[in-house]
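Presented below is the structure to which this report refers.
Atoms within a ligand are numbered from 1 in the order they appear, just like the ligands themselves. This one's a predicted model, so the numbers in the text were calculated from it and none came from an experiment.
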Amino acid sequence: MRRPFLNAAAFFLLLVCVSAAHAQTAKDDLAARGQYIFSLAGGCACHTEPKGTPNAGGRVIPLPFGKLYSTNITPDKETGLGNWTDQQIRDAMIKGVRPNGERLLPAMPYEAYSGMADEDLQALIAYLRTLKPVRKQMPRLKTWLPFYRGVGTFFWTRFVAKSYTSVPKAPAAGAERGRYLVEHVSLCIDCHTPRNSMGIPQPSLYLAGAKKGPPLNVEVPNITPDKGTGIGDWSRDSIADLIQTGTKPDLDNVQGLMAEVVEAGYKNMKREDAQAIADYLKTVPPINHKTN
Ligand code: HEC
């Protein structure tokens, strides 16, 4: 009489084990996909101090009215994201809101990330959870302007930021995928589009570089197809090579932040994604704008 019950119990146990294993595999797959999104995103390199512990924050970002320190995005429970839910990480990334309601300054490109496809965002968050937790507390924002965070972000969200409607799926190929990566994942726009004195990007100089460009106030080149001042003469493959290796057609190497995002992420970009970016860059309007 007992047998059928035992058999059923054993079968049930087997089912539980198989579905748990399935769930774990699905989680691993998601994190593995997220690792690739992290590479596409240049390894979120602003969250690593030059020569510092990866992803533990602390890089100084100069702002018009002070100094901001990038945050620890490892899963440390006290000083990182360990106690944040997926939704809280998502809200910080795409809405610029911390779990305590505090607003992030727009140096964190949440407006651009708000156009990231849900599937990519979810995978990226799953990957962040697999990083080694590092305990490192960040100094607070240093500014002489009272209420900088509150007032600055209020004006930004009220008058400047436009929010994108997020897409469930990322474009799979072609220049459309290139645009998606340039604007919402790899964030070429964030460094290569100059900002005005208030820190607001200038759409009329889309990707046209700056003498003193964001985020570190150094020269950032014009990457529009302008022949004189941009990358008009570069072939599709030489643009893709630069993204994956940091080597320019004249065999010189890129320096500074560009070298950092290549090393921390773009070097693992698939060839077809680097080519999709090149294809898109060839479609943007050429802008004559000298940066040196
Ligand atoms: C974190 C900031 C940052 C991001 C993100 C970034 N760049 Fe750059 N990029 C720079 C800087 C700074 C330089 C100049 C490096 C140097 O002086 O050698 C540069 C150089 C370049 C150059 C060389 C241009 C020339 O004329 O020498 C190209 C092309 C380029 N970037 C394309 C891209 C593309 C495409 C993306 C997105 C996939 C991207 N960059 C993302 C900061 C960035």
Metal check, atom 8 (Fe) of ligand 1 vs His192 N/O/S, cut-off below 2.8 Å: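 Within the cut-off used here (under 2.8 Å), His192 does place an N, O or S atom near atom 8 (Fe) of ligand 1.
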Heavy-atom distances under 4.0 Å are what count here, so tell me which part of [X] touches ligand 1: side chain, backbone, both or neither.
X	value
Cys188	both
Leu187	backbone
Glu219	backbone

Output, in order, the C-alpha distance, side-chain angles, deciding distance and verdict of side-chain hydrogen bond (donor to acceptor under 3.5 Å, both in side chains) for Asn268 and Gln244. CA-CA 7 Å; Asn268 296 321; Gln244 290 181 302; over 6 Å; no
Between Val254, Thr247, Val262, which is the residue that forms a side chain to side chain contact (heavy atoms under 4.5 Å, CB included) with Leu242? Val254
With a 3.5 Å cut-off and no angle check, do the side chains of [X] and [Y] form a donor-acceptor pair?
X	Y	answer
Gln87	Asp91	yes
Tyr180	Asp120	yes
Asp28	Gln24	yes
Tyr266	Asp273	no
Glu78	Asn83	no

Please list, in number order, the atoms of ligand 1 under 4.0 Å from a heavy atom of [X].
X	value
Leu242	22 (C), 23 (C), 28 (C), 29 (C), 30 (C)
Cys191	1 (C), 2 (C), 3 (C), 4 (C), 5 (C), 42 (C), 43 (C)
Val254	18 (O)
Lys248	27 (O)
Ser186	5 (C), 38 (C)

Close approach of Val182 to ligand 1, heavy atoms, under 4.0 angstrom: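 It does not; every heavy atom stays at 4.0 Å or beyond.
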Is Asp190 near ligand 1, meaning one of its heavy atoms is under 4.0 Å from it?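 Per 4.0 Å heavy-atom rule, Asp190 does not contact ligand 1.
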Option whose closest heavy atom lies nearest to atom 11 (C) of ligand 1, chosen from Met258, Glu183, Met269: Met258
Among Ala264, Pro221, Ala278, Pro109, closest by any non-hydrogen atom to atom 13 (C) of ligand 1: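 Selected option, by shortest heavy-atom distance: Pro221.
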Pi-cation contact, Tyr36 with Lys270 (under 6.0 Å, within 45°): yes
Taking all atoms of both residues into account, what is the closest heavy-atom pair of Thr291 and Ala210, and its distance?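 Result for this residue pair: CG2-N, 3.3 Å.
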Looking only at heavy atoms, what is the nearest atom pair of Ile287 and Asp226, with distance? O-CB, 3.3 Å
Can you tell me which residue and heavy atom of the protein come closest to atom 41 (C) of ligand 1, and the distance to 0.1 Å? Tyr266 OH, 3.3 Å
Looking only at protein heavy atoms, which one is nearest to atom 18 (O) of ligand 1, and what is the separation? Gln255 N, 2.7 Å
